[in-house]
Amino acid sequence: MRVEEKMEKQPEFKGGINELSKFIKNNTIYPKQALADNISGLVVVKFVVRKDGNLSNIEVAKSLRPDLDQEAIRIVTLSNNLWSPATKNGNKVSANYYLPITFFTSKAAEKKYYKAKQ
């Protein structure tokens, strides 16, 4: 399978970024031990959105810890068939996509995380 690096239109979750955020929020099951350990942070998942909209080659590009990494992979796997492929020269093509998924144990942890990023 050829994966394009340069394209006119990147792969996109059907409905756009807001729907993707809702999908992630509605489907996340916070691992019990990570919650007990009060672990918040970011996992980046890399995958290929194939020209038929299916996903393949799902892997963690930036790890947080194994249980949260596995949850991020589970969420991405659930989103199979909910993606529009990239296009190049008007044709559908397979392309890599990097999806950051943030995990927060509380609103306070979320605010602290984003404040540190500024």
(message) Count I, L, V, M, F, W, Y as connected when their side-chain heavy atoms are under 4.5 Å apart, and connections chain through other members. Are Leu78 and Tyr30 then in the same cluster?
(response) yes

(message) Hydrophobic clusters here meaning ILVMFWY residues chained together by side-chain heavy-atom distances under 4.5 Å, can you tell me if Leu20 and Val45 are in one?
(response) yes

(request) Report yes if the side chains of Trp83 and Asn54 come closer than 4.5 Å at any heavy-atom pair, otherwise no. (result) no

(request) State whether Asp67 and Lys32 are salt-bridged, where the test is any N-O pair (Lys NZ or Arg NE/NH1/NH2 against Asp/Glu carboxylate O) under 4.0 Å. (result) no

(message) Regarding Asn89 and Asn91, do their side chains bring together a donor and an acceptor under 3.5 Å, going by distance alone?
(response) no

(request) Check whether any side-chain heavy atom of Gln70 lies under 4.5 Å from a side-chain heavy atom of Val60, and answer yes or no. (result) no

(request) Of all the heavy-atom pairs spanning Gly53 and Asn80, show the shortest one and how long it is. (result) O-OD1, 4.4 Å

(request) In sequence, state the C-alpha distance, the side-chain angles, and the governing distance for Phe104 and Ser40, and then conclude on side chain to side chain contact (heavy atoms under 4.5 Å, CB included). (result) CA-CA 5 Å; Phe104 299 109; Ser40 296; 4.1 Å; yes

(request) Of all the heavy-atom pairs spanning Lys46 and Ala61, show the shortest one and how long it is. (result) CB-CB, 4.1 Å

(message) If you compare all heavy atoms of Lys62 against all heavy atoms of Leu42, which two are closest, and at what distance to 0.1 Å?
(response) NZ-O, 3.8 Å

(message) Measuring from atom OG1 of Thr102 to atom NZ of Lys25, what distance do you get when rounded to the nearest 0.5 angstrom?
(response) 11.5 Å

(request) Start with the C-alpha distance between Val49 and Leu55, add both sets of side-chain angles, then the distance that settles side chain to side chain contact (heavy atoms under 4.5 Å, CB included), and finish with yes or no. (result) CA-CA 5 Å; Val49 179; Leu55 306 182; 3.7 Å; yes

(message) Using the rule that Ile, Leu, Val, Met, Phe, Trp and Tyr join whenever any side-chain heavy atoms are under 4.5 Å apart, tell me whether Val44 and Phe103 fall into a single cluster.
(response) no

(request) Ignoring hydrogens and angles, tell me if any N or O in the side chain of Glu71 forms a donor-acceptor pair with the backbone of Ile29 under 3.5 Å. (result) yes

(message) Looking at Ser94 and Lys51, would you say the former's side chain and the latter's main chain have a donor-acceptor pair under 3.5 Å?
(response) yes

(request) Please round to the nearest 0.5 Å and tell me the distance separating atom CG of Leu64 and atom CG of Asp69. (result) 6.5 Å

(request) Check whether any side-chain heavy atom of Asn81 lies under 4.5 Å from a side-chain heavy atom of Asp52, and answer yes or no. (result) no

(request) Locate the shortest heavy-atom distance separating Pro31 from Leu68; write the atom from each residue and the value. (result) CD-CD2, 3.5 Å

(message) If I compare all heavy atoms of Ile39 with all of Arg65, which pair ends up nearest, and what's the gap?
(response) CG1-NH1, 3.2 Å

(message) According to a hydrophobic-cluster definition based on side-chain heavy atoms being under 4.5 Å apart (Ile, Leu, Val, Met, Phe, Trp, Tyr only), do Val43 and Phe23 belong together?
(response) yes

(request) Specify the closest pair of heavy atoms between Lys14 and Glu19, including all atoms of both residues, with the distance to one decimal. (result) O-CB, 3.9 Å

(message) For a side chain to side chain contact (heavy atoms under 4.5 Å, CB included) check, start with the C-alpha distance between Phe47 and Ser79, then their side-chain angles and the critical distance, and finish with the verdict.
(response) CA-CA 11 Å; Phe47 52 94; Ser79 75; 5.5 Å; no

(request) Go through Ser84 and Lys9 one step at a time and tell me if the side chain to side chain contact (heavy atoms under 4.5 Å, CB included) criterion holds. (result) CA-CA 10 Å; Ser84 298; Lys9 180 180 162 269; 4.1 Å; yes

(request) Report whether Ile24 and Ile17 are members of the same hydrophobic cluster (ILVMFWY, side-chain heavy atoms less than 4.5 Å apart, transitive linking). (result) yes

(message) With heavy-atom distances below 4.5 Å as the criterion, would you say the side chains of Pro11 and Tyr97 are in contact?
(response) yes

(message) If you define the side chain from C-beta out and look only at heavy atoms, does anything of Leu99 sit under 4.5 Å from Phe13?
(response) no

